[in-house]
A.B. asks: 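For reference, the structure I am asking about is given below.
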Amino acid sequence: MFRAVKGTRDLLPPDTAVWNRVERIAREVFRAYNYHEIRTPILEEEQLFARGVGADTDIVSKEMYAFEDRDGSRLVLRPENTASVIRAYIEHRLDQRPGVQKLYYIGPMFRRERPQKGRYRQFFQIGAEAIGSESPFVDAEVIEMVSEMLTRTGLGGFTLLINSVGCQNCRPQFVEKLRAALKPVAAQLCVDCQRRAETNPLRVLDCKVPEDQPLIEQLPSILDSLCEICAPHFEQVMMYLADRGIPFEVKPRLVRGLDYYMRTTFEVTHGDLGAQNSVLGGGRYDGLAESLGSSVHSPGIGFSIGEDRLVMTVARGEDSAPDVFIAPLGEAALRHAGVLARDLRRVGVTVEVAANLKLKRAMELANKAAARYALILGDDEIAAGVYTLKNMRSTEQHRVTREQIIETIGNGN
RNA sequence: GCGGCUGUAGCUCAGCUGGUAGUAGCGCCAGAUUGUGAUUCUGGAAGUCACGGGUUCGAACCCCGUCAGCCGCCCCA
């Protein structure tokens, strides 16, 4: 027997209704903020991510689905979408279009990790990028938008964390400071942190081992090391968020795993997600376009929502049910039903026709499908030129004309 | 990539210290005579007990391996 490959899954009804609802809300919110959809290929050149995301990141160094194409070129299934969007932005000279380019996407990403709760090898992201402005106002607007989006999907009890990770000027200085501060205490930290202290000191700040926390608290904060550009930028972002009444928490130890982030970074966590408690991550990446070959400075900020994780945490809805379940008795009635069904569907009524079934069976199926009405069509009705319409909930049934069907159903009775 | 737990009908699960699977619940299908569902009653189908080895007279049960799922680590959405 064939099965979905490890880490991938089939989404079945009625769960797909929840996905559609989430996506519908996302599109509505994107529209309100004047974002437009971009669709980029799932396959990209391997180098795009090595250069964009960073060759040393976990995503690139060990999680990509990479393979050699028949012509020898190295391709990958995209592990994230920001690099692709920037690639498309450069390729199609979107920098020549007027104003800030505000783009959104919804689609699958691929990372070859060990699956667990809220983590799949094929997972879906809803994300957006605003390219062409360094203004902290844009940062605040993006953050406001994600907050709005999550709230409207019905997600409650999430926490918005923000931070600034500085820029190429102030971050290296901070890293040195951190290294110096870590030297005397590294031996008392967990083994992972001892390794991180060497390879990537910023990661130590993100350690979750409880015993390490007292020592980590004592380490310098990047917010004290921000340069004269980064510091006011962050202040303004917080001010604009406060203006809009958006609750947030400053987490100076928030570190993101992608190399391209600078200045503003943010994350949304939710308690119901288990160890993978992050529903959304994002940040500013002012140098990314240039590192991907753009001749024009194209600063940007973006985010992506883990749609699988969001769906996990929002209420489970019900899928749509038919308005009318038509039960035709006999061949003549079936032909008549086919035409009637077409006409009803054309005016927006959801119709199911029970073909070649006994009436009892048709009624059973109408009930199981949660249909609002059953429409019985037999020789009597054909002779009289009417239909028998039964309200499945109240059990009342009447003989009605074609016009009355649409009227009754349209009224939602 | 590393660790822990789990793997019996479509689903949720029983199955005693190994003797060769359950009238279990839900679901599914059919019937309770004529053109009426959801309630009720009756009947039925469906499992190579994840897969492959081993121990044993005998394994769903014990041992080893593989695979899958879940949970955690790493990291991230």
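Quick note on labels: first sequence line is chain A, next is B, and so on, each numbered from 1. These values consider heavy atoms only, across backbone and side chains, with no hydrogens, waters or symmetry-generated copies.
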A.B. asks: By the 4.0 Å heavy-atom rule, please label A:R9 as base, sugar-phosphate, or nothing.
C.D. replies: nothing

A.B. asks: On a whole-Å scale, what distance lies between the C1' atoms belonging to B:G22 and B:A46?
C.D. replies: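 Nearest-Å result for B:G22 against B:A46 at atom C1': 13 Å.
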
A.B. asks: If we call it a pair only when both distances are under 3.5 Å in a Watson-Crick or G-U wobble match, what pairs with B:C16?
C.D. replies: none

A.B. asks: Can you tell me how far P of B:G35 sits from CE of A:M363, to the nearest Å?
C.D. replies: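 Nearest whole value for this atom pair: 13 Å.
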
A.B. asks: Looking across every strand, which nucleic acid part, if any, lies under 4.0 Å from A:E80 by heavy atom: base, sugar-phosphate, or nothing?
C.D. replies: nothing

A.B. asks: Return whichever of A:D380 or A:K368 has its heavy-atom-nearest nucleotide of RNA chain B closer to the 5' end.
C.D. replies: A:K368

A.B. asks: For the P atoms, the ones on B:G44 and on B:G7, what distance do you get once it is rounded to whole angstrom?
C.D. replies: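 Comparing P positions in B:G44 and B:G7 gives a spacing of 30 Å.
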
A.B. asks: Rounded off to whole Å, could you give me the CG-to-C1' distance for the A:L273 and B:G72 pair?
C.D. replies: 15 Å

A.B. asks: Searching all strands shown, indicate the nucleotide that pairs with B:A45 (Watson-Crick or G-U wobble; both distances under 3.5 Å).
C.D. replies: none

A.B. asks: So, A:N81 versus A:S304: side-chain donor-acceptor pair below 3.5 Å or not?
C.D. replies: no

A.B. asks: Is A:R27 close enough and on-axis enough to A:Y33, meaning under 6.0 Å and within 45°, for cation-pi?
C.D. replies: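 So A:R27 doesn't make the cation-pi contact.
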
A.B. asks: C1' atom, B:U17 versus B:U56: distance in rounded Å?
C.D. replies: 16 Å

A.B. asks: When you compare B:C29 with B:C75, how far apart are their C1' atoms, in angstrom units rounded to a whole number?
C.D. replies: 49 Å

A.B. asks: Where the side chain of A:R114 is concerned, which of B:C76, B:C75, B:C73 is the nearest nucleotide?
C.D. replies: B:C73

A.B. asks: Is the shortest side-chain N/O distance from A:K360 to OP1 or OP2 of B:G31 below 4.0 Å?
C.D. replies: no

A.B. asks: A:F124 near the nucleic acid: base, sugar-phosphate alone, or nothing, with a heavy-atom cut-off under 4.0 Å?
C.D. replies: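 Touches nothing.
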
A.B. asks: What's the closest nucleotide to the A:K117 side chain, out of B:A77, B:G72, B:C74?
C.D. replies: B:G72

A.B. asks: Which base sits across from B:U66 as a Watson-Crick or G-U pair, both distances under 3.5 Å?
C.D. replies: B:A50

A.B. asks: With respect to the side chain of A:L359, which nucleotide from B:C2, B:G37, B:U36 is positioned closest?
C.D. replies: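 Selected nucleotide (nearest to the side chain): B:U36.
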
A.B. asks: Name the nucleic acid region contacted by A:E364, choosing base, sugar-phosphate or nothing; use a 4.0 angstrom heavy-atom cut-off, strictly under.
C.D. replies: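 Contact class for A:E364: sugar-phosphate only.
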
A.B. asks: So what does A:G118 hit on the nucleic acid, given a heavy-atom distance under 4.0 Å: a base, only sugar-phosphate, or nothing?
C.D. replies: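 Answer is base: heavy atoms of A:G118 come under 4.0 Å of a base.
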
A.B. asks: Atom CG of A:L365 to atom P of B:G37: distance rounded to whole Å?
C.D. replies: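 It works out to 12 Å between those atoms.
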
A.B. asks: When you measure from the side chain of A:R111, which nucleotide among B:C76, B:C73, B:A30 comes out closest?
C.D. replies: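 Output: B:C76.
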
A.B. asks: Let me know which of A:L329, A:V353, A:L377 forms a side-chain contact (heavy atoms from CB on, under 4.5 Å) with A:L334.
C.D. replies: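 Single side-chain contact (heavy atoms from CB on, under 4.5 Å) partner of A:L334 among A:L329, A:V353, A:L377: A:V353.
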
A.B. asks: Can you tell me how far P in B:C5 sits from the matching atom in B:A38, rounded to whole Å?
C.D. replies: 47 Å

A.B. asks: Please determine, by modelled atom types, if A:S73 and A:E68 share a side-chain donor-acceptor pair under 3.5 angstrom.
C.D. replies: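 Side chains of A:S73 and A:E68: no pair found under 3.5 Å.
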
A.B. asks: Across the strands shown, which category fits A:G282 at heavy-atom distances under 4.0 angstrom: base, sugar-phosphate, nothing?
C.D. replies: nothing

A.B. asks: Of the listed nucleotides (B:A77, B:A38, B:C70), which one gets closest to any side-chain atom of A:P115?
C.D. replies: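 So the nucleotide nearest the side chain must be B:C70.
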
A.B. asks: Any N or O donor-acceptor pair under 3.5 Å from the base of B:A77 to the side chain of A:E113?
C.D. replies: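 Indeed there is one.
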
A.B. asks: Can you measure A:N356 atom CG to B:G35 atom P for me and round it to whole angstrom units?
C.D. replies: 16 Å

A.B. asks: Just checking, any donor-acceptor pair under 3.5 angstrom between side chains of A:T395 and A:K390?
C.D. replies: no

A.B. asks: When you measure from the centre of the six-membered ring of A:Y387, is the NZ or CZ of A:R402 closer than 6.0 Å and no more than 45° off the axis?
C.D. replies: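 No, A:R402 and A:Y387 do not form such a contact.
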
A.B. asks: Rounded to the nearest angstrom, tell me the gap between atom CD in A:Q397 and atom P in B:G37.
C.D. replies: 11 Å

A.B. asks: Provide, to the nearest angstrom, the distance between the CZ atom belonging to A:R3 and the P atom belonging to B:A68.
C.D. replies: 9 Å

A.B. asks: When the distance from CG of A:D379 to P of B:G35 is rounded to whole Å, what number comes out?
C.D. replies: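 Computing the A:D379:CG to B:G35:P distance gives 10 Å.
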
A.B. asks: Assess, by modelled atom type and distance only, whether the side chains of A:Q122 and A:T8 contain a donor and an acceptor separated by less than 3.5 Å.
C.D. replies: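 No, because no side-chain N or O of A:Q122 sits under 3.5 Å from a partner of the opposite role on A:T8.
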
A.B. asks: Mind checking who B:C73 pairs with, Watson-Crick or G-U wobble, both distances under 3.5 Å?
C.D. replies: B:G1

A.B. asks: What's A:E381 touching, base or sugar-phosphate or nothing? Going by heavy atoms closer than 4.0 Å.
C.D. replies: base

A.B. asks: Measuring only the P atom in each nucleotide, how far is B:U8 from B:A60? A whole number of Å is fine.
C.D. replies: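 After rounding to an integer number of Å, I get 14 Å for this pair.
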
A.B. asks: Rounded off to whole Å, could you give me the CG-to-P distance for the A:L155 and B:A77 pair?
C.D. replies: 17 Å

A.B. asks: Using the P atom as the reference point in each nucleotide, state the distance between B:G31 and B:U36 in Å, no decimals.
C.D. replies: 13 Å

A.B. asks: Of the candidate nucleotides B:A38, B:G69, B:C76, which contains the atom at the shortest distance from the side chain of A:K6?
C.D. replies: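 It is B:G69.
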
A.B. asks: Quote, to the nearest angstrom, the C1' distance that separates B:A77 from B:U48.
C.D. replies: 41 Å

A.B. asks: Measure distances between side-chain N and O atoms of A:R361 and base N and O atoms of B:C29, and say whether any donor-acceptor pair falls under 3.5 Å.
C.D. replies: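 Answer no: no donor N or O sits under 3.5 Å from an acceptor.
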
A.B. asks: Go through the side-chain N and O atoms of A:E44 and A:S84 and say whether any donor and acceptor fall under 3.5 Å apart.
C.D. replies: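 Checked: A:E44/A:S84 side chains pair up, N/O donor to acceptor below 3.5 Å.
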
A.B. asks: Parallel, tilted or perpendicular, judged at 30° and 60°: which one describes the rings of A:F303 and A:F30?
C.D. replies: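 Aromatic pair A:F303/A:F30 classed parallel.
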
A.B. asks: Considering Watson-Crick and G-U wobble pairs with both distances under 3.5 Å, what does B:U23 pair with?
C.D. replies: none

A.B. asks: OP1 or OP2 of B:G37 less than 4.0 angstrom from a side-chain nitrogen or oxygen of A:K358, does that happen here?
C.D. replies: no

A.B. asks: Establish whether the base of B:U36 is bridged to the side chain of A:K390 by a donor-acceptor pair shorter than 3.5 Å.
C.D. replies: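 Indeed there is one.
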
A.B. asks: Between B:C73, B:A77, B:G37, which nucleotide gets closest to the side-chain atoms of A:Q116?
C.D. replies: B:C73

